[in-house]
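Owing to the predicted nature of the structure, the values given are computational and were not obtained by experimental measurement. Numbers restart at 1 for each chain; the letters A, B, ... are given by sequence-line order, proteins then strands.
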Amino acid sequence: MTLTIIIFSILAAVLFLINLRNGKHWDGIKSGFKQLVSALPIILLAMLLAGILETLIPEEFIKRWLSQEAGLTGIFLGTLGGLLMAFGPYASYPIIAIIYHSGAGLGTTIAMMAGWSFLNLVKLPFEGGFLGYKFSLLRIGLGLPLCVLAGLIAHLIEVLL
Amino acid sequence: MKNTSITLVVAVVILMLVLFYIGGTVLVLESLNRAWHTAMRAFVMIIIAFIVIGQLQVLISSDMIKQWLDKYSGNKSIVVSSLAGGLFPGGPYIFYPFLASFKGKGIPFYLIFSFVAGKQSYDVTRLPLEAGLTTPGLAILRNLITFPFPFIMGFIARRYFPEGFNNFSQEEGNR
């Protein structure tokens, strides 16, 4: 985590300096701060929910359905979980992290992350409204096997390494 | 945002009651303790992530993306469109109206499709959150594995749905 903080701090500083040349750096700070303030309640609630889930979900369930040993079942469940996790990133990522830390397999976790990224139902009302629901169906239809594939690749990485 | 908050509050309250029913105050306090540790672990990263997001949003404009999309064609355009989707700033309430503005203006369906897939996969403003709120390792692995997916989706759309859907450029294009 420390390395990530250092890398993103450098990135933030570089972007700040680039925007400084155009005189837009404070607009960036304001924009980021505004979004942080509006997202913070959701982030905190999601972390609370993640803490509850971590305490509530029995270890046996994770082992049987979501762990590396669950194999393809875990990958399918992960993809489905990502599809149905109808929250934004602030809420979904902490929940996914807790499921991973509780013992879910890498394949399941990556399938869930991919499923959430590609199949997420949260954007459906916007997408369907502006681009048509056939567009959304095609996106989900093409994305679904790819998310399972992502889970399989991650599962193989975990098994082989 | 408001609906998400309400859903989360309802879920938290219901699950807290379930926890209390199963294990009393001890289990409730244990879950609060775990949530606190998660929050503390991610706190600094969240602050930095939002600084990066804010700076990216003022740096990359919709006009810049529009210029890129106009410049390329064929398979190369699918790659450019996917990457441009990942760089596009803003949430769905900005992103989808922006895309809808292209309909009926001669931009092929598969480019719009790969643009959406690119936004879903590469979204640069989401990456700091993904790394900070899950783990950097998971975020990197997910991005590496799914990196070609938007291209694949774009190529399939180009091959099998070259014209998009009947209603795509007609009725909805006039929206």
Side-chain angles (χ1 to χ4, degrees), chain A residues 1 3-5 8-9 11-12 15-16 18-19 24 27-33 35-36 38 41-52 54-56 87-91 93-94 96-97 100 109-110 113-114 117-118 123 126-127 130-132 134-135 138-139 142-143 146 150 153-154, chain B residues 1 4-5 8-9 11-12 15-16 18-19 27 30-32 34-35 38-39 41 44-46 48-59 92-93 96-97 99-100 112 116-117 120-121 126 128-136 138 141-142 145-146 149 152-153 156 161 165 167-168 172:
Chain A
M1 188 60 97
L3 183 66
T4 320
I5 289 173
F8 277 103
S9 301
L11 181 65
L15 289 169
F16 183 85
I18 293 171
N19 284 330
K24 288 181 176 174
D27 291 341
I29 293 286
K30 276 184 215 162
S31 165
F33 181 73
Q35 284 185 72
L36 173 64
S38 70
I42 293 178
I43 295 176
L44 294 177
L45 277 169
M47 284 176 173
L48 191 54
L49 185 63
I52 295 170
E54 195 182 1
T55 316
L56 200 62
F87 299 120
Y90 314 120
Y93 287 138
I96 292 171
Y100 177 63
T109 311
I110 294 296
M113 289 170 83
S117 298
F118 284 95
K123 292 158 197 152
F126 289 100
E127 191 180 68
F130 282 104
L131 303 177
K134 282 184 185 170
F135 185 100
L138 180 64
R139 178 179 62 77
L142 290 182
L146 288 174
I153 295 170
Chain B
M1 283 273 199
T4 308
S5 301
L8 283 172
V9 168
V12 163
L15 290 176
M16 276 281 189
V18 172
L19 265 187
L27 220 50
E30 192 187 321
S31 71
L32 288 176
R34 287 178 192 218
T38 310
R41 213 175 47 222
V44 178
M45 192 58 215
I46 290 171
I48 298 168
F50 277 95
I51 295 174
V52 172
I53 290 168
Q55 296 299 329
L56 277 174
Q57 283 183 336
V58 295
L59 187 66
Y93 35 86
Y96 287 109
L99 273 183
I112 306 261
V116 171
Q120 288 169 339
S121 188
R126 207 180 60 202
L129 290 173
E130 191 173 4
L133 294 174
T134 61
T135 71
L138 280 176
L141 187 63
R142 200 281 297 166
I145 292 176
T146 61
F149 289 3
I152 295 170
M153 290 168 83
I156 293 174
F161 304 92
F165 303 109
N167 65 348
F168 189 78
E172 284 171 310

Participant: Hey, does B:L129 have a side-chain heavy atom less than 4.5 Å from the side chain of B:F50?
Facilitator: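 When only atoms from C-beta onward are counted, B:L129 and B:F50 do touch, with a gap below 4.5 Å.
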Participant: Any side-chain to backbone donor/acceptor pair from B:R142 onto B:S121? Under 3.5 Å, distance only.
Facilitator: yes
Participant: When only pairs under 4.5 Å are counted, which of B:L56, B:T146, B:V12, B:V116 shares the most heavy-atom pairs with chain A?
Facilitator: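 So the answer, after comparing B:L56, B:T146, B:V12, B:V116, is B:V12.
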Participant: In terms of heavy-atom pairs under 4.5 Å, which option from A:L44, A:L11, A:L45 contacts chain B the most?
Facilitator: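 The answer is A:L45.
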Participant: Can you name the ring pair (Phe, Tyr, Trp, His ring centres under 6.0 Å) partners of A:F8, sequence neighbours left out?
Facilitator: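 Counting only residues at least two positions away or on another chain, A:F8 forms no ring pair (Phe, Tyr, Trp, His ring centres under 6.0 Å).
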Participant: Taking only residues two or more places apart in sequence, or in another chain, which ones meet B:S31 in a side-chain contact (heavy atoms from CB on, under 4.5 Å)?
Facilitator: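 side-chain contact (heavy atoms from CB on, under 4.5 Å) check on B:S31 returns A:I52, A:T55, B:M16, B:L19.
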Participant: With a 4.5 angstrom heavy-atom cut-off, could you sort out which part of A:T109 is near chain B: side chain, backbone, both or neither?
Facilitator: side chain
Participant: Tell me, for A:P41 versus chain B, whether the close heavy atoms (under 4.5 Å) come from the side chain, the backbone, both or neither.
Facilitator: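 Interface part for A:P41: neither.
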Participant: Let's test your reading of the structure: which of A:L56, A:I153, A:N19 forms the most heavy-atom pairs below 4.5 Å with chain B?
Facilitator: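 Going by pairs under 4.5 Å, I would pick A:N19.
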Participant: Determine the option with the most heavy-atom pairs under 4.5 angstrom with chain B, choosing from A:L48, A:I43, A:D27, A:I96.
Facilitator: A:L48
Participant: Does a side-chain heavy-atom distance below 4.5 Å link A:L138 with B:F161?
Facilitator: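 They are in side-chain contact.
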Participant: Determine the option with the most heavy-atom pairs under 4.5 angstrom with chain A, choosing from B:A39, B:P128, B:A11.
Facilitator: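 It is B:P128.
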Participant: Between A:R139 (side chain only) and B:M153 (backbone N and O only), is there a donor and an acceptor less than 3.5 Å apart?
Facilitator: no
Participant: Please look at B:I156 and chain A and tell me whether the side chain, the backbone, both or neither of the residue comes under 4.5 angstrom of a heavy atom of that chain.
Facilitator: side chain
Participant: Quiz question: by atom type and distance under 3.5 Å, do the side chains of A:S31 and B:Q57 form a donor-acceptor pair?
Facilitator: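 Their side chains do contain a donor-acceptor pair, which is all the 3.5 Å distance test asks for.
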Participant: Measure distances from A:F16 to the heavy atoms of chain B and classify the residue's part below 4.5 Å as side chain, backbone, both or neither.
Facilitator: both
